[in-house]
Amino acid sequence: MTQGNAEVGQGTTAGLRRYSTRPAAPPRATHCSTSVRGPRPTAAIGVIGALREHGLRPGDDVAVMGSNDIPVAADMPVPLSTVRSPVFEMGRQAMCLLIDRLQGRQVRSKRLRPRLIARASTLGE
């Protein structure tokens with residue numbers, strides 16, 4: 001695990017540091033045996049760039065996963081797989097719970113399911 005500030009540059013730096021000790025082109029496998037999850041989509045984008053600099057194919061050699069499904073994720077040269085959280089519904093539910101609480105009603109936490117958006121960065125080409 002490599003720590004960073006979760007921006008593109010840090011993702012690139014972490015990816016370069018992580019993969020600089022590996023051979024540039026590992027034998028191809030029918031599935032990815034290595035994966036990376038960026039804490040933010042910008043870090044995952046940086047990791048994809050670093051992998052490509054080392055001759056690795058994101059999605060084929062190394063699976064890369066981001067979060068928050070930013071608009072650019074689908075439009076990258078290697079589209080980024082992400083987890084899409086229902087942020088609008090999260091905000092709406094939080095406001096309803098807050099109003100209920102302020103009015104003295106009992107409240108219970110609610111779970112909302114995120115959605116996996118699988119793209120080439122984990123599925124390969």
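None of these values were measured; they are calculated from a predicted model.
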Can you give the donor-acceptor pairs under 3.5 Å from side chains of residues 70-78 to other protein atoms, not counting sequence neighbours?
none

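For CZ of Arg105, the number of neighbouring non-hydrogen atoms (other residues, nucleotides, ligands) closer than 6.0 Å is greater than 12.
If you chain together hydrophobic residues whose side chains sit under 4.5 Å apart, Leu123 and Leu116 never meet in one group. Each of Met65 and Val47 belongs to its own hydrophobic cluster when Ile, Leu, Val, Met, Phe, Trp and Tyr are linked at side-chain heavy-atom distances under 4.5 angstrom.
Of all the heavy atoms in Leu97 and Val107, the pair that sits closest is O-CG1, 3.5 Å. Closest heavy-atom contact between Ser121 and Ile48: CB-CD1, 4.2 Å. Taking each heavy atom of Ser85 and Met90 in turn, the nearest pair found is CB-SD, 4.1 Å. Closest non-hydrogen pair, Leu80 versus Pro41, comes out as CD2-O, 4.0 Å. Between Thr122 and Ser81, the shortest heavy-atom contact is OG1-OG, 2.6 Å.
Considering only heavy atoms from C-beta on, Val83 stays 4.5 Å or farther from Arg37 through its side chain.
Here Arg52 contributes atom CZ and Asp61 contributes atom CG; the two are 12.0 Å apart, rounded to the nearest 0.5 Å. Rounding to the nearest 0.5 angstrom, the gap separating the CZ atom in Arg113 from the CZ atom in Arg115 is 14.0 Å.
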Item to check | Check against side-chain contact (heavy atoms from CB on, under 4.5 Å), Arg119 and Asp69 | outcome: CA-CA 11 Å; Arg119 298 186 179 111; Asp69 197 29; 2.9 Å; yes
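Residues passing the side-chain contact (heavy atoms from CB on, under 4.5 Å) test with Arg111, sequence neighbours excluded: none.
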